[in-house]
Amino acid sequence: MAATLLTAETHEKKTNRDLVEQAMRHSWFPVARSADLVAGGKPEAAVLLGVQLVVYRDGNGNAAVASRRCPHRGADLSIGEVHESSIGCPYHGWQFSSGDGLCVRVPSIEDQGKIPPKARLKTFPVEERYGLVWTALEDPIEPLYQLPEWEAEEFVWLQADPLDSPVGVAVTVENFRDVAHFPFVHKVSMGPTPEVVEPLKVTRDGSHVWMTRELNAGTGEWADDGDATMKYHCVAPGLSSITYDYEQFGRRVVAGFPCPISFEHVKIFWGVANAVDYSGATLEHNLHIEEVVYLEDIPIVENLQPREVPWDAEVEEFSAPADIFTLNYRRAFLDLARRTEEKFYGSNAAE
Ligand code: FES
Ligand SMILES: [Fe+2]
C-alpha cells in the first residue's frame, strides 16, 4: 500500500498567528524570579509555550534552564537534586551539567568513562535581568530587553508574585498600556479620571513603541505624589513598562513581563523598580499600589474574547483613536514576526 506522501511540497503559507508563535519561540521570556532560586537549592518547574522546563541555580550560583524531562527514562527533573555544577535526576541519579547539559555521572556504571557519550539534557540560554531569569526556546531574534531609560541610572527591582491569566501575551501587554479603561476599571485605585483621551503621541521603531503622558495627581491612591511624566514603553513581544518621572521624587518604574505558558495563557511576571536616589514611597508600597491596579484588571482581561489578539482578523474589531498605542504594538509584533521568519526560515514574509 502506498504511503501518503507528506513532504515539503505540502507547505502552506504561514498565517500571522503562525509567524507570531514562531517569533515567540525565538524571543526571551522570564521563567522564574532570581530571588526564588537559591544556589544549590530546590529547582522550579516552568512552562514556556508548552515546553516543560526546569529552572535552578547550581551550587556555583549560576542560573540554568533545561528540559524538565530526563533523557534517560523521562523522570521529572524539577523534583531532582541540584549539585555544584549539575542537576541530578530523582529516578536513577544521572547528573547533567548545568552549562551544556552533558551527562557527567551515571551512578549505575562503575567506570564513569563509559557514560554514553551522546547522553545530554537539552539546555536553553539564560540571562538574569530586572530580578528575573530569562530564557528562549530557539536562537533569540533580538538581545534581551535593555531599555535606555533604565540604563541611565541605577534601579533596585522588586518582583511581585506572578499572576496567572488565561489570555495571550499580546492581550496582556495591550491591557497594561491601555489608557481608555482607567475611568471604568480603576475607579477605586485611581479615583475619577477623565473619560476623554487626549490625542496620544505614539512613536514606533521596529519592535519598540513609546508614548509619553502627563500624570495629574488626581484624587486616588496617588493624590499625594504630585505630578509626573509617564513614559510608556512596550517592546514586542512581551515587555510593557511605565517609567514615572516625579517632579518631587525622581524616577520609578512598573513593568510587566508576561510569559506565555501557551498561546492563550500567560504567567505574568511583573515588578516595580525605584532609582537608587528615589525619594518617594518604598518598593513594597509601590508594589502594593500597583497590585491593586492589576487585580482590578484581571476580571476584565481574563474574560476577553478571543483570548489572544486575532492576528489574522478572524474576529471583527473596531478601534478608536485611543487605541493607537495598541495598533502600533501590533505592528511592532508583526514586524518582529516577519523579521524572525526572514532571519531563521529564509522566506521574505514582508508583504
Ligand atoms: S530517568 Fe532520569 S536517571 Fe533515569
Ligand atoms: Fe488597567
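Note: hydrogens, waters and symmetry copies are ignored here, and every other heavy atom, side chains too, is used. Counting convention: from 1, in listed order, for ligands and their atoms alike.
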Check against ring-ring contact (aromatic ring centres under 6.0 Å, His included), W270 and F257
CA-CA 6 Å; W270 71 277; F257 313 97; 10.0 Å; no

What I want to check is whether the side chains of T172 and N175 have a donor and an acceptor closer together than 3.5 Å.
no

Below 4.0 angstrom from a heavy atom of R73, which ligand 1 atoms are there? Numbered from 1 as shown, please.
1 (S)

As an exercise, identify every atom of ligand 1 less than 4.0 angstrom from a heavy atom of C89.
1 (S), 2 (Fe), 3 (S)

Salt bridge (Lys or Arg N to Asp or Glu O under 4.0 Å) partners of residues 296-322, not counting sequence neighbours, each pair once:
E317-R330

Find all atoms of ligand 1 within a distance of less than 4.0 Å from any non-hydrogen atom belonging to A75, and give their numbers and elements.
1 (S)

Number of protein N/O/S atoms less than 2.8 Å from the Fe ion (ligand 2)?
4

Considering only heavy atoms of W94, which atoms of ligand 1 have at least one such atom less than 4.0 Å away?
3 (S)

Can a salt bridge be assigned to the pair E128 and R57 using a cut-off of 4.0 Å between side-chain N and carboxylate O?
yes

Kindly state whether the ring of H26 and the ring of Y345 have centres lying under 6.0 angstrom apart.
yes

Any salt bridge linking D335 with R331? Criterion: basic side-chain nitrogen under 4.0 Å from a carboxylate oxygen.
no

May I ask you to check if any N/O/S atom from H72 comes under 2.8 Å of atom 2 (Fe) of ligand 1?
no

For R17, is there an ion pair with E21 - N to carboxylate O distance below 4.0 angstrom?
yes

Shortest-distance N, O or S atom of H92 relative to atom 4 (Fe) of ligand 1:
ND1

Is C70 close enough that one of its N/O/S atoms sits under 2.8 Å from atom 2 (Fe) of ligand 1?
yes

Is K343 salt-bridged to E142, cutoff N-O under 4.0 Å?
no

Should D161 and R33 count as an ion pair when the cut-off is N to O under 4.0 Å?
yes

